[in-house]
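Here the structure is laid out as structure tokens; the discussion comes afterwards.
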Amino acid sequence: MLKTHNCGELRATHAGQQVTLAGWVHRWRDQGGLVFLDLRDRWGITQIKVDQQTAPDAHALAKEVRSEWVIQVTGTVILRPDGMQNPDLPTGDVELAVSELKVLNRAKTPPFYINKDEKVEEALRMRYRYLDLRRPAMQSNLVLRHNVIRFIRNYLSERGFVEIETPILFKTTPEGARDYLVPSRVHPGKFYALPQSPQQLKQLLMVAGYERYFQIARCFRDEDQRGDRQPEFTQLDLEMSFVEREDVLDLIEGMMTRLVEEVTDRELVTRPFPRLSHAEALARYGTDKPDLRYGLEIVDLSAIAGQTEFRVFADTVSAGNPVRAICVPGCGTYSRKQLGELEEIARTAGAKGLAWMAIEENGDVRSPIAKFFSEDQLKAVVERAGATPGDLILFAADTETVVCDVLDTLRREMAARLDLADPNKVAFCWVIDFPLFEWNADENRWDPSHHLFTAPMWEDLALLDSDPGKVRGQQYDLACNGYEIAGGSIRIHDRAVQEKVFGLIGLDEAVARERFGHMLEAFEFGTPPHGGIAPGIDRLVMLLAGEPNIREVIAFPKTQQAADLMAGAPSEADLKQLEELHIRTVVGENER
RNA sequence: GGGGGCGUAGUGUAGCGGUUAACAUGCCGGCCUGUCAAGCCGGAGAUCGCGGGUUCGAAUCCCGUCGCUCCCGCCA
């Protein structure tokens, strides 16, 4: 090794020892006859003192040294003089008095600061990702990611799970997201697909009798990006045999709880994890992935609103649609301008306008729609909303879907404005009892609300024939801080049920056999009841790291245009490569 | 596919019809033996993303385009 210690470990107890350190020059302070270098490696920073008197050769070299040069220094660990300790540094009680300094590699001036946390344009960070990753903040994110994955591996291994790898080259399944396709050289005109998840393979591992499987699995989906969505991402993929919903929930709840406690210093605010039915989540929070770090719950005011003279409300209710609201504490003083901003936000979520009531300090209601309410009705609204003087009530009156979208959007907006979403807190909750299907009006068929292997509630089996919309799925989602962090289900293990579901989602029998014949066949060879779940590692680590997007916890992420700006991917392929793959591109032809 | 934001010295920002294009930091040179976001002195560094238009005059207004980003659609 070119070093005897790392830059984060030297303490007062090391004083007097001769050590060698190596790393990058974080900062340098040339004092003339005395040069200080802050030497950085993955473990920390140690101050290096180079004295002209005692080490003239090293001192001469140190004068030339610049940021991010790679150097090796040998010297004696000494206690800093009284009053010269740096309490901001774990190694701040000591410094290294250098006798020998060697430049291992010089460095150009970096295109942005490594030694300073300053916003840098994303494109520049991505182009020089290896420098971006050198920043201590990024290093700590990736180390956290490692610790999370290590914890998971240990936790599951201790509980009898086996980690098994599944292929990256698999078969296209157009039912889900758009596939990434890989042309086959050996089979002209045919394609592999990269897995959107190892769903089928892990179920087949249950058929194979492994009973408890997991994998830190890379998944690929060719859909447009978001801050929490990359074209390739990592899931903890997990499947268990002979289990019911409770078993999977217990396992994951225990794992997440201990993970947060042992690997992070975040505060777990919901324990045990609350369980909300899908319907309840929508009613109380307007979303199936609620942020439970704060209240601002939705209240239903349809009964009162329907009785008022306010046409918008009355008409909404008589059409069978809801009028709901959230009560925002302390915002009763909002100006016309501020309320206008909120209305604009409500409109982007689909609202046609935004009705509001501000409760003044004396209890009076200030509102453009107050005149359509009787005194009793006003009182009832205020009471039902739980509003007190100084509060602001924001209404949504529309179809069920729009009301949910609008109030969910407003709830998150107001939480952000009031700083209610504490980044140090972690609030998990389970969402259960999803409908198995959603009606797809465009295609005139049912779509699976999770995926096509999700089992119906056994007691709802009969409804598959009579009323598919009423069938509840044995599906469960884990939400955390407003993100969907995991989704899973108990699976169908019976060929007849699986075929029935294929039929309901409009999958032609021949097509079903071509695409999923191997699954149907497998189900006939003694398939145990089984189920599983797949937490998204990137999102989980993002939340635990307190980062706003998953690029911050992925070493080499893609941009929103799915490009790698460092390597320049995607790129054109040689004509020869294309010929071997029996591929001809049509770029340009479409534009004509 | 659609909507919003951003693009000005290496970096982060200001300027938003007429400025010598400003500030901070970094960079280069000098001074300095207790600094640690070191300090002090001096210096270099910008075809204002790119292309076109409006105007006597454009970083500034308009159109297009490229890149990054947030959101809708999409994400079984």
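Below, all heavy atoms of this structure are taken into account, side chains as well, without hydrogens, waters or symmetry copies. Per chain, numbering begins at 1; letters A, B, ... match sequence-line order.
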| message | Tell me if a side-chain donor or acceptor on A:T287 pairs with a main-chain N or O of A:K289 at a distance below 3.5 Å. | response | yes
| said: Could you check whether A:D447 pairs with A:R445 (Lys NZ or Arg NE/NH1/NH2 to Asp/Glu carboxylate O, under 4.0 Å)? | reply: yes
| field | Proximal nucleotide (of B:A38, B:G12, B:C74) relative to the A:Q31 side chain | value | B:A38
| Nearest-angstrom distance from the residue atom CZ of A:F112 to P of B:C27 | 15 Å
| said: Work out how far the P atom of B:G29 is from that of B:C68, and round it to whole angstrom. | reply: 36 Å
| request: Give one of base, sugar-phosphate or nothing for A:D447, where a contact means two heavy atoms less than 4.0 Å apart. | output: nothing
| message | Using 30° and 60° as the class boundaries, would you call the ring planes of A:Y128 and A:F112 parallel, tilted or perpendicular? | response | perpendicular
| Rounded to whole angstroms, how far apart are CD on A:E122 and C1' on B:G67? | 12 Å
| said: From CD of A:E68 over to P of B:C27, roughly how many Å is that when rounded to an integer? | reply: 11 Å
| NZ/NE/NH1/NH2 to OD/OE distance under 4.0 Å, A:D291 and A:R411 | no
| Mind checking the P distance from B:A38 to B:U25? Whole angstroms is fine. | 11 Å
| query | Which part of the nucleic acid does A:T454 contact within heavy-atom distance under 4.0 Å: base, sugar-phosphate only, or nothing? | reply | nothing
| Using a cut-off of 4.0 Å on non-hydrogen atoms, how would the nucleic acid contact of A:I45 be classed: base, sugar-phosphate, or nothing? | nothing
| message | Within the 4.0 Å heavy-atom criterion, would you say A:E438 contacts the bases, only the backbone, or no part of the nucleic acid? | response | nothing
| N/O donor-acceptor pair, side chain A:D30 with base B:C32, under 3.5 angstrom | yes
| request: Fit a plane to each ring of A:W458 and A:H493, take the angle between them on a 0 to 90° scale, and name the class: parallel (under 30°), tilted (30 to 60°) or perpendicular (over 60°). | output: perpendicular
| Would you say A:R125 reaches B:U69's phosphate, i.e. side-chain N/O to OP1/OP2 under 4.0 Å? | no
| remark: Considering only heavy side-chain atoms of A:R27, the closest of B:C75, B:G26, B:A38 is B:A38
| Got a salt bridge between A:E223 and A:R178, using NZ or NE/NH1/NH2 to carboxylate O under 4.0 Å? | yes
| task | Please state the C1' separation for the pair B:A46 and B:U13 - nearest whole angstrom. | result | 14 Å
| message | Using the C1' atom as the point on both nucleotides, what is the distance between B:G3 and B:A22, in whole Å? | response | 34 Å
| Expressed in angstrom and rounded to an integer, what is the separation of A:E344 atom CD from B:G3 atom P? | 15 Å
| task | Have a look at A:R178 and say if it touches a base, only the backbone sugar-phosphate, or nothing, with a 4.0 Å heavy-atom cut-off. | result | nothing
| query | For atom C1', what is the distance between B:C63 and B:G10, given to the nearest Å? | reply | 32 Å
| query | Whole Å only: how far is the CD atom of A:Q225 from the P atom of B:C72? | reply | 14 Å
| said: Applying a 4.0 Å non-hydrogen cut-off, can you work out what A:P81 is touching in the nucleic acid: base, sugar-phosphate, or nothing? | reply: base
| message | Please report the distance separating the C1' of B:A21 from the corresponding atom of B:C48, rounded so that it comes out in whole Å. | response | 8 Å
| query | Roughly how far apart, to the nearest Å, are B:A24 and B:C61 at atom C1'? | reply | 30 Å
| task | May I ask you to verify if any side-chain N or O of A:R29 is less than 4.0 angstrom from the OP1 or OP2 atom of B:U35? | result | no
| Is a donor-acceptor contact shorter than 3.5 angstrom present between the side chain of A:E121 and the base of B:U11? | no
| What about A:D224: does its side chain form a donor-acceptor pair under 3.5 Å with the base of B:C74? | no
| task | Tell which nucleotide pairs with B:U55, taking only Watson-Crick or G-U wobble pairs whose two distances are both under 3.5 angstrom. | result | none
| request: Check whether the side chain of A:R229 and the base of B:C74 form a donor-acceptor pair under 3.5 Å. | output: yes
| Is the closest side-chain heavy-atom distance between A:Y180 and A:E232 below 4.5 Å? | no
| A:Q560 side chain near B:C70 phosphate (N/O to OP1/OP2, under 4.0 Å) | yes
| said: Heavy atoms only, 4.0 Å cut-off, all strands: where does A:Q199 land among base, sugar-phosphate and nothing? | reply: base
| query | Which whole number of Å gives the distance between the C1' atom of B:U11 and that of B:C16? | reply | 23 Å
| query | Is there a donor on the side chain of A:R551 or the base of B:C68 sitting less than 3.5 Å from an acceptor on the other? | reply | no
| query | For B:C36, which nucleotide is its Watson-Crick or G-U wobble mate, given both distances must be under 3.5 Å? | reply | none
| query | Any donor-acceptor pair under 3.5 Å between the side chain of A:R226 and the base of B:G73? | reply | yes
| query | Within the structure shown, what part of the strands sits under 4.0 Å from A:L124 by heavy-atom distance: base, sugar-phosphate, or nothing? | reply | sugar-phosphate
| In whole angstrom, what separates A:Y113's OH from B:A24's P? | 12 Å
| query | Which base, if any, makes a Watson-Crick or G-U wobble pair with B:C6, both distances under 3.5 Å? | reply | B:G67
| With nearest nucleotides of RNA chain B determined for A:K49 and A:S197 from heavy-atom distances, which residue corresponds to the more 5′ nucleotide? | A:K49
| In terms of the nearest nucleotide of RNA chain B, which residue is placed more toward the 5' end: A:W28 or A:G83? | A:W28
| message | In whole Å, I'd like the distance from the CD atom of A:Q47 to the P atom of B:C36. | response | 10 Å
| said: Using Watson-Crick or G-U wobble geometry with both distances under 3.5 Å, which nucleotide pairs with B:U11? | reply: B:A24
| query | In terms of side-chain geometry, is the basic nitrogen of A:E122 or A:R551 positioned less than 4.0 Å from the acidic oxygen of its partner? | reply | yes
| task | Confirm from the modelled atom types if A:K116 and B:G12 form a donor-acceptor pair under 3.5 Å, side chain to base only. | result | no
| Rounded interatomic separation in angstrom, taking OH from A:Y128 and P from B:G10 | 12 Å
| query | Can you find an N or O donor on one side and an acceptor on the other, under 3.5 Å apart, linking the side chain of A:E95 with the base of B:G34? | reply | yes
| Can you tell me if the side-chain N/O atoms of A:T559 get under 4.0 Å from OP1 or OP2 in B:C68? | yes
| request: Could you tell me how the ring of A:H14 sits relative to the ring of A:H5: parallel (under 30°), tilted (30 to 60°) or perpendicular (over 60°)? | output: perpendicular
| query | At under 4.0 Å between heavy atoms, what does A:N115 touch on the DNA or RNA strands: base, sugar-phosphate, or nothing? | reply | nothing
